[in-house]
Protein chains: 4
Amino acid sequence: MIIVLKKNIHEAQRESLRSFLENKGYTVKEIIGQEETVFGAVGQSGLDIREVEMLDGVASVVPISKPYKLASRELKKEDTIVTVGNVKIGGNRIAVMAGPCAIESREQISTIAGLVREAGAVILRGGAFKPRTSPYAFQGLGEEGLQYLKEAGEKYGMPVTTEIVSPSDVDLMKNYIDMFQIGARNMQNFELLKAVGKTGMPVLLKRGLCATLEEWLMAAEYLMASGTDQIVLCERGIRTFERATRNTLDCSAIPVVQKMTHLPVIGDPSHATGLRDMVNPMSLAIVASGASGLIVEVHDHPEKAFSDGPQSLYPSQFEKLMRDIQALAPVVGKSLE
Amino acid sequence: MIIVLKKNIHEAQRESLRSFLENKGYTVKEIIGQEETVFGAVGQSGLDIREVEMLDGVASVVPISKPYKLASRELKKEDTIVTVGNVKIGGNRIAVMAGPCAIESREQISTIAGLVREAGAVILRGGAFKPRTSPYAFQGLGEEGLQYLKEAGEKYGMPVTTEIVSPSDVDLMKNYIDMFQIGARNMQNFELLKAVGKTGMPVLLKRGLCATLEEWLMAAEYLMASGTDQIVLCERGIRTFERATRNTLDCSAIPVVQKMTHLPVIGDPSHATGLRDMVNPMSLAIVASGASGLIVEVHDHPEKAFSDGPQSLYPSQFEKLMRDIQALAPVVGKSLE
Amino acid sequence: MIIVLKKNIHEAQRESLRSFLENKGYTVKEIIGQEETVFGAVGQSGLDIREVEMLDGVASVVPISKPYKLASRELKKEDTIVTVGNVKIGGNRIAVMAGPCAIESREQISTIAGLVREAGAVILRGGAFKPRTSPYAFQGLGEEGLQYLKEAGEKYGMPVTTEIVSPSDVDLMKNYIDMFQIGARNMQNFELLKAVGKTGMPVLLKRGLCATLEEWLMAAEYLMASGTDQIVLCERGIRTFERATRNTLDCSAIPVVQKMTHLPVIGDPSHATGLRDMVNPMSLAIVASGASGLIVEVHDHPEKAFSDGPQSLYPSQFEKLMRDIQALAPVVGKSLE
Amino acid sequence: MIIVLKKNIHEAQRESLRSFLENKGYTVKEIIGQEETVFGAVGQSGLDIREVEMLDGVASVVPISKPYKLASRELKKEDTIVTVGNVKIGGNRIAVMAGPCAIESREQISTIAGLVREAGAVILRGGAFKPRTSPYAFQGLGEEGLQYLKEAGEKYGMPVTTEIVSPSDVDLMKNYIDMFQIGARNMQNFELLKAVGKTGMPVLLKRGLCATLEEWLMAAEYLMASGTDQIVLCERGIRTFERATRNTLDCSAIPVVQKMTHLPVIGDPSHATGLRDMVNPMSLAIVASGASGLIVEVHDHPEKAFSDGPQSLYPSQFEKLMRDIQALAPVVGKSLE
């Protein structure tokens, strides 16, 4: 940590500050400049930097260590390739996950699975336990839905993923699915992260609505510290003053976070925009930004969907999207295969 | 819902739109103006307004019903007074809850309880299960902490409150505490809301870091729909572009939300600012805004606190704060007693 | 405007409200529903909707007219094609504007003009009057810079654009340039908008750091109401809580605003990210989102640039970018030619 | 500046980095720690820190000097007391400025001046050149309005203030007014800041809608570097995701910025909330936060105001507010006299 000293600091304050830091286990070096003098304090310590900010003679304090370790690109230089069933995510591959917002029936998920598989999707998504803003909204089919999802995945040779909303569902879910999803609203539900991490299974970790990149990586760190290293990060829009779209897709987060971590990053254009017409342009923007894939909501009859119909693609729109991605992929040095 | 029609809508589109709405159970009235024509559609239906926005001939759609019902001031005009043990929250009373961020030992919580009680606090707070951004940080004493909290509360005649972070802790915790706290990061952890709501016990519901007032009331609605009507809302700062303070205290949310709901609203100056020196001015600003109380972090030795020491008040600062509140209360027509 | 009435409104209040609106020139229709009753009030009036919100018996008020007219897609369905010298912006054409942040010398702007022209740029940019956050930073060469810019543009057959920061510079500048730029910080400098609009010349209007799409279009409306219809909108990043990049590029604003207005929209990846390494991926994301072009900072020696060197591309990076755009353009149905 | 080195930096990179910094005039010291090694570089240089961030072997760079000097509390420890006519702003005094949003007629401004003076306001405000979001809205009476404002101020012994929107109005306005106002949308209109600063007259500088505290102080620095040291800062709400109020009043900015600068800070509850009912609670919150005063919109007939009627207080509400402030002032160690 770097401690910028006040210009009028007394000698006694300066020494008292140095002693304080040394007692906490830091090595302290002083740098005297024309405009300011700073202490550089290095060492491993859980000290809250605000403790130091409040000491007499201190103008400001700047942390220099990153709080995430296992997720850091510094620790591991090579890209992590996450394996979900027979699918690899990361590297030069663009992996597209698709399916309905909610699993509504055995027939519905099977039909949609067939359609998205045909168009080129490699992982099937579908919600069985839905986190809904209103207590009066459809909350999902539960275990019955998981059963249908697994069947549809097996039928079309696709690994499956679904969102988990409670630590107590871990044991049940792991029998049915290939990858857990942690939703944006649960990104800092630390008990859920610990329970899911312990399984060692792949996890799709969505960015919270107002999570900084560092907080997002700290959530990944929770998963990794608990036992899994198979994590796919997913940008899905952040909350800003602009409300013309449901959220603001933060495209530049994709290349930026890719420098900070070795974990693959994908994007979710459906939740980012909330509007079907915006899904295709934003999907292309996500791929152009360098993402390792997409997760997209598709429904055979969006107008009858139990939830999020307005942001679900029609099958023909999804087919068009897959063709466009195929054309775009070489521009960014990647491929769908 | 109000549907603004496009200027160039065809007669057939207009009729098709009207039929669509009527089939969904709405009564439709048309209003023809100089600049625009609108359909007013009234009725009870779970229709996602984005469904209508996408129909041909529709320029925009505006919802007019509020999604929260039980929490709404329209449903219940009189202020709800929440009862926590022997303490009433709401109405003309300013209730101050205080205590350390984390319970660290039997002696620590007992000492602090005595100090804050003496200064005028009426409810004791202290964390036993801590949601921490880093998996490597102190996570609380768990049940042992709850035991110490309960003892300290009984010793000084104060009801106690602590944060709950997992649905599976409900049964354990309800034996020890008088009010649950739902933290900002769990405001939309719907499984937790349902589990806590079922107890029927009082709940302190913090506003999420990027929650709108409506989403905050929808979280209260989850609690109410699950079985409790004893809810205290707590403004604790929102995330904005300004990072000079940890969060941005949204003082005006206090009078605004008080118009929307009958539930009492308090403020948390400690988490809103993250800085001890800002706690007292912001506490006064919260009370001046019309809040029904405060929850404040106090520690007998903040510099040795296991967590959040830098935002914890020294006992003498808390005593000063309570005297200032006593002087301020009559200006806003309230009192500490 | 739609007025939602309170459930407990008295008959007298209702009639008084109706009279108030009719006196203001509105036609009022009532819609009675199960859950709520609303008044639809149509007519042309400058009434501030907050006036109505405060009347007794009113629960809320919803505006239905858009405040921008001339800029609206409803008024003019076909895309506006803006003509800047020999260049057309809009339609299926992707127009790339490039050049240094600041004009530093006759030689510098001429050299860079040649490089970007060779790579495929069609308009030359360069700042002569620089709006700088610090009063102590380089403020531009002024008229001398304009002279060099004009010469460089003529030498390489490119129309030129530069930022204007004061209404008093209009007469001077119009002798030298082909298109005015209004910067993000001046988007609501209405006196500047009026002065520039009066010239009838093309204008590149950047979005303000915290401007909603509607406010952005209202700024365009100022320009149009003052006398020009040759306006290019430019998304250049908004301010959000995320500070890993200088601003947050709002890609989805591009297709959304394109539905609201007939004016062409381009993107500025240099200011949006502030980081050279992010300029190319974000340029591709902007084009993939459907933009009509880009404005990019390029410098022959970014490490010696007087300003914004760190976000300026090296010439070789710009050449690579232009090749990538050429490959990407057909995917979105466009071309560079 | 502090440069954090990458863990795998080569010796040659390290030396090359050191040379680069020394050539730019910095003194460089190295601090080697267990987890990271940093360079501390001190010296005066206009180097853009992003230049350094891009060098090989650099993990991150942290600035340690503040960019504002004249406005800084470090340069001048004592509070600046700004003198506007016969009124002092700053120190233990709470100064209340009041008046209508826009000057509408000689009679209107005179009537309101009498009312607010009687209630205890010490400075009269009123807009003559109005910056309006819509080109079709009332833009103010211009010089005629300034004349009426001056007359009203003289009649009731109050100095007057009004907003300036163009550098070309400086000479005209300084004959009529005692203090310039720079509005939120013009906070970074640097040409305006320079022109106003040159007069040496007092300036009320509002915070921009999305300005950080540092940017706000940099705007003050522009004024000071141009020739005035009589600056009053005014917090008036920032733009956030929350739209229940027009803006989000950032109360905690008041004590925070007061630590950063010696200039006095006041608050504007009218623009912060946009709603009359919120003006009084937020006025009290501003004073409780430690502000040196308020600027409040008051109108004798708000329902007939040409602009911002819905946020203007009735005279009786303003009288009540002044009585409440008088009661509150001693709690924060201040007084209205």
Side-chain angles (χ1 to χ4, degrees), chain A residues 46 48-54 67-69 129 131-139 165-169 184-195 197 208-212 214-215 218-219 221-226 238-239 241 246 274-277 302-303 305 307-311, chain B residues 46 48-54 67-69 129 131-139 165-169 184-195 197 208-212 214-215 218-219 221-226 238-239 241 246 274-277 302-303 305 307-311:
Chain A
D48 187 326
I49 67 159
R50 293 176 296 170
E51 285 289 359
V52 184
E53 280 172 344
M54 288 172 180
Y68 51 93
K69 308 290 174 196
F129 296 85
R132 302 301 297 276
T133 307
S134 166
Y136 312 122
F138 174 61
Q139 311 253 330
V165 295
S166 175
S168 61
D169 293 338
R185 285 172 180 75
N186 279 315
M187 193 201 83
Q188 290 194 315
N189 181 341
F190 303 117
E191 299 308 308
L192 186 62
L193 294 172
K194 288 183 214 169
L209 271 78
C210 60
T212 61
E214 188 173 295
E215 288 168 340
M218 285 306 289
E221 190 84 6
Y222 255 99
L223 289 167
M224 296 183 87
S226 303
I238 57 174
R239 179 156 283 177
F241 67 83
R246 198 178 237 199
L275 296 167
R276 185 183 301 138
D277 286 0
E303 67 286 357
S307 67
D308 274 349
Q311 70 193 34
Chain B
D48 186 326
I49 68 160
R50 293 176 297 169
E51 285 290 0
V52 184
E53 280 172 344
M54 288 172 181
Y68 51 92
K69 308 288 175 199
F129 296 85
R132 302 301 296 275
T133 308
S134 166
Y136 312 123
F138 174 62
Q139 311 252 332
V165 294
S166 175
S168 60
D169 294 337
R185 285 172 182 74
N186 280 315
M187 193 202 82
Q188 290 193 317
N189 181 342
F190 303 117
E191 299 308 309
L192 186 62
L193 295 172
K194 289 182 213 169
L209 271 78
C210 60
T212 61
E214 188 173 295
E215 288 168 339
M218 285 307 288
E221 190 84 6
Y222 255 99
L223 289 167
M224 296 182 86
S226 303
I238 58 175
R239 179 156 283 177
F241 67 83
R246 199 177 236 199
L275 296 168
R276 185 183 302 139
D277 285 1
E303 66 286 358
S307 70
D308 273 349
Q311 70 193 35

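Predicted model only: the values in this text are computed from it and were never measured.
Residues meeting the ring-ring contact (aromatic ring centres under 6.0 Å, His included) test with A/Tyr68, sequence neighbours left out: none.
Closest non-hydrogen pair, A/Tyr136 versus B/Pro67, comes out as CE1-O, 4.3 Å. Between B/Gly208 and B/Met187, the shortest heavy-atom distance links the atoms N-SD, 3.1 Å.
Highest contact tally toward chain B, considering only A/Ala305, A/Ser307, A/Gly274, is held by A/Gly274 [criterion: heavy-atom pairs under 4.5 Å]. Interface remark: of the candidates B/Pro302, B/Pro131, B/Ser134, B/Ser134 forms the most heavy-atom pairs closer than 4.5 Å to chain A. Top candidate by heavy-atom pairs under 4.5 Å with chain B, chosen from A/Glu53, A/Arg276, A/Arg246, is A/Arg246. Note: A/Asp308 leads A/Leu192, A/Ile238, A/Asp308, A/Leu209 in heavy-atom pairs under 4.5 Å with chain B.
Heavy atoms of A/Phe241 lying under 4.5 Å from chain B are absent altogether. Contacts of B/Asn189 with chain A are made by both backbone and side-chain atoms, with heavy-atom separations under 4.5 Å. Interface residue A/Arg239: only side-chain heavy atoms are found under 4.5 Å from chain B. Within the 4.5 angstrom heavy-atom criterion, atoms from both the backbone and the side chain of B/Tyr222 approach chain A. Both the backbone and the side chain of B/Glu221 come within contact range of chain A, judged by heavy atoms closer than 4.5 Å. Residue B/Ala184: no heavy atom, backbone or side chain, is found under 4.5 Å from chain A. Looking at B/Gln139, the atoms closer than 4.5 Å to chain A (heavy atoms on both sides) all sit in the side chain, from C-beta outward.
Taken to the nearest 0.5 Å, the CD atom of B/Gln188 stands 8.0 Å off from the SG atom of B/Cys210. With rounding to the nearest 0.5 angstrom, the NZ atom of A/Lys69 is 9.0 Å from the CE atom of A/Met218.
Listed for the A/Thr212 side chain is a donor-acceptor partner under 3.5 Å among the backbone atoms of A/Glu215.
Side-chain contact between B/Arg132 and A/Phe190 is absent, with no heavy-atom pair separated by less than 4.5 Å. Looking only at side-chain heavy atoms (C-beta outward), B/Pro167 and A/Ser168 stay at 4.5 Å or farther from each other.
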